[in-house]
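A short write-up of the structure that comes next.
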Amino acid sequence: MICGQAREKAWRGRETLGVALLLGLHAGLLAFSAARHSPALDERHILAAGIYYWQYGRFEIARGDPPMTGLVAAAPVLALRPRTEWRHVPHSFAVERDFTAANGVRTVGLVTVGRWACIGFSLVGGYFCFRLARELYGPGAGFLALALWCFSPSTLTHGRLVTGDMPAAAFGIGAFYTYWRWLRQPSLPAAARAGVLLGLAELAKIVWVLLFALWPVFWVTWRMLHRREGGQRGWFREGAQLALVVAISVYVINLGYAFEKPFQPLGRFEIGRRALGLNTAGEEGGGGSSALPASRPGALPASQPGPSPALRVGVAGIPVPLPENYVGGIDEILRVCGRPHWTYLRHEWREGGFRHYYAYAFLVKTPLGTLGLLAVAAGMSCCARWRGAWKSEMLLVLALAGILAFVTASDAPQYDRYALPVLPYVLVLASKAARMVGLHWRGACLVSTLAAWSAWSGLMAYPHTLSHFNELAGGPLGGHGHLIGSSIEYGQDYLYLKRWQERNPEAEPLIVSWKCPMAEAILGECRRRVPPGLSAGSRATRADMVHMGPQPGWYAVNVSALHTPSREYAYFFCFEPVARAGYSIYVYHITVEEANWVRRELGMPELAERESGEEEEKGRVER
């Protein structure tokens, strides 16, 4: 007995050491990558909003992003005394521009410190993946899930960013784990833990408002599958505990917002007015949500179908026990979803996006080794001998499908990072393949090879893991043929472009296609723009064409610009880049001869040697 306890204690110690080593290696990879890349698009306004939260205790900036990420990232940054400018509050991107202008190139260091503070989110996600896989399939599966997490290109990307995507994935799987444990063994402590994790998930990203609808469905499904184990009394007791889960989560959400203006009337918010069929007209500015008119707020003509206007107005007055800016963030997301947007997928632009966008993005962005492990695990689930945890697997699949359906049906702009909360569920399901190890040497070789392939795929793209695409998609170099935007470039490679520029002083002037405050702070002001080519339906005269299309000089063009709907920069495909900054910025050096050769192909007038020389000299003078 004593020997058995000693062996179990030794095994637990080795297990803890293994988890710590993997998470430590993961943290080191994230810390190094965080210091190498320039601030991404959304990081600066989330960091600036976090600084504002700490200084004023108000949450009207970046309402579409709950405050958890900003608060954590800004906590160590405050010690560096960043310069702030709040004249454009609550307009997030105006605040971002002011923050960048006030701090200049120092913004890079401030964002890096904020990134280091956010690395803990990814460690939390890895830990919960390990715990869930271990309890479902055994210790080997736990380590496999953790290894897949630590070397996944997606976690190595978003785990180092000051955005809400990684906290959403980490606390989403944490909330599922604690809720799953409560379903298996209902108790007040388990319900309390599930409520706290649910509240933290809601503070990470608003997408988890979906859980308020999913969890009751999970509970009813689970109870129906176990109907022989409980009667009416069990249903009532568990229903009361589920209500406690929701109550604790609401308390945690209010705590995260410092109890800022809860219990506002439902009719004050756009989501409430839409649900009730009330008038949705209102102001969009300011820190709070649009208030209804004082006299008969939200009243509609009596001829409108549905409940009577008096009943609607009465329901509209019911107080919502959530912070005003949390519900206002849902309103803000609804407004974004209501705006027209175009999505790019595999050389095609479509208004409103694609129904299969996230499935396709998953197939081209996920390492083939991980896909292979997922296929092995799916095959095992089809065999009767491996169906022991089928009820829990069903909940995992339902959660995964619910998230994908929610982000697809939301009519929001489509980027693969919006589906990042799905990743932990996929990795846990794939970890079931670890149960083949030990049964037969062939199974052990297969699983080990696929796991090593998955890790190798992530490390080969490191530190440029944001631009990772698997081998079937053409790798990072071929990725922009499938997806663009934040799926391959997020403004992360300007520091690499700056380092290349310092090593190549002859590349002057370097004309950059993407002009933004952060790019100018790193690279310096660039007054010239990349000359556009002939777009579809263009009616440019021959005199106009002289200043359009290929021109001699040095150009840094981001891959998204190559695929704009107008195709105005597609002529760069006719040239071979001389260098790359990461995988998202291509550097071109175009000579007069090369420019004229392409111009002849495009039916544009050629450039004279003297005129092109004057253009280059004029560019140097402007610089």
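Please read these numbers as outputs of a predicted model, since none were measured by experiment. Side chains included, hydrogens not; waters and symmetry mates left out as well; all remaining heavy atoms used. Counting from 1, the numbers follow the sequence of the chain as shown.
- Relative ring orientation between H563 and H480 is described as tilted, the plane-to-plane angle lying within the 30° to 60° band.
- Ring geometry for Y494 versus W514: interplanar angle of 30 to 60°, hence tilted.
- Of the N and O atoms on the side chains of T157 and T465, at least one donor lies less than 3.5 Å from an acceptor on the other residue.
- At distances below 3.5 Å, not a single donor-acceptor pair connects side-chain atoms of S457 with backbone N or O atoms of W453.
- Every pair tested for salt bridge (Lys or Arg N to Asp or Glu O under 4.0 Å) that includes a residue from residues 137-153 fails, sequence neighbours excluded, so the list is empty.
- At least one side-chain heavy atom of L396 sits less than 4.5 Å from a side-chain heavy atom of L132.
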Anything under 3.5 Å between a donor and an acceptor, one on a side chain of residues 200-212, the other on a protein residue two or more places apart or in another chain? List them.
residue : atom : partner : partner atom : Å
E202    : OE1  : V209    : N            : 3.1
E202    : OE1  : Y326    : OH           : 2.7
K205    : NZ   : D165    : OD1          : 2.4
W208    : NE1  : A168    : O            : 2.8

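- T221 places a side-chain heavy atom less than 4.5 Å from the side chain of M394.
- With W342 contributing its side chain and E351 its backbone, the two residues share no donor-acceptor pair below 3.5 Å.
- A heavy-atom distance below 4.5 Å is found between the side chains of T155 and H26.
- Ion pairing between a basic and an acidic side chain is recognised when a charged N comes within 4.0 Å of a carboxylate O; R350 and E348 show such pairing.
- Residues meeting the side chain to side chain contact (heavy atoms under 4.5 Å, CB included) test with T370, sequence neighbours left out: L148, T366, P367, L427, S454.
- The aromatic rings of Y177 and W180 sit tilted relative to each other, their planes meeting at an angle between 30° and 60°.
- For D493 and R36, the salt-bridge test fails: no basic side-chain N is under 4.0 Å from an acidic carboxylate O.
- In this structure, R499 forms a cation-pi arrangement with Y496, its terminal cationic atom sitting closer than 6.0 Å to the ring centre and no more than 45° off the ring axis.
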- [ ] Just do the side-chain hydrogen bond (donor to acceptor under 3.5 Å, both in side chains) check on N558 and S584 with the steps written out, would you?
- [x] CA-CA 6 Å; N558 61 301; S584 70; over 6 Å; no
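- Taking 4.5 Å as the limit, some side-chain heavy atom of Y490 sits within range of a side-chain heavy atom of R417.
- Remark: side-chain polar atoms of S431 are paired, donor with acceptor, to backbone N or O of V428 under 3.5 angstrom.
- Ring orientation note: the planes of F354 and H356 are nearly perpendicular, at an angle over 60° on the 30°/60° scale.
- Considering all non-hydrogen atoms of both residues, R181 and R131 come closest at NH1-NH2, 3.3 Å.
- A donor-acceptor pair is defined here as one N or O able to donate and one able to accept, closer than 3.5 Å; such a pair exists between the side chain of S560 and the backbone of G485.
- Across all their heavy atoms, G126 and L146 have their closest contact at O-CD1, 3.4 Å.
- Proximity of a side-chain donor or acceptor of E43 to a complementary backbone N or O of V162 within less than 3.5 Å is detected.
- The shortest side-chain heavy-atom distance between R580 and H464 does not fall under the 4.5 Å cut-off.
- Ring pair Y179/F218 is tilted by interplanar angle, where 30° to 60° counts as tilted.
- Taking the six-membered ring for Trp and the full ring otherwise, the centers of H347 and H482 sit at least 6.0 Å from each other.
- Between the side chain of S38 and the main chain of G491, a donor-acceptor pair closer than 3.5 Å is present.
- A donor-acceptor pair under 3.5 Å is formed between the side chain of S467 and the backbone N or O of I488.
- Atom CG in L429 sits 7.0 Å away from atom CG in L400 (nearest 0.5 Å).
- Under 3.5 Å, the side chains of K432 and S381 contain a donor-acceptor pair of N or O atoms.
- S33 and R160 form a side-chain donor-acceptor contact under 3.5 Å, judged by distance and modelled atom types alone.
- Using cut-offs of 30° and 60° on the angle between ring planes, the pair F575 and Y588 is perpendicular.
- A salt bridge links E135 to R184: one of the charged nitrogens lies within less than 4.0 Å of a carboxylate oxygen.
- For Y358 (side chain) and T408 (main-chain N/O), no donor-acceptor pair under 3.5 Å exists by modelled atom type.
- The nearest pair of heavy atoms linking V77 to L110 is CG2-O, 3.4 Å.
- There is a side-chain donor-acceptor pair under 3.5 Å between D416 and S487.
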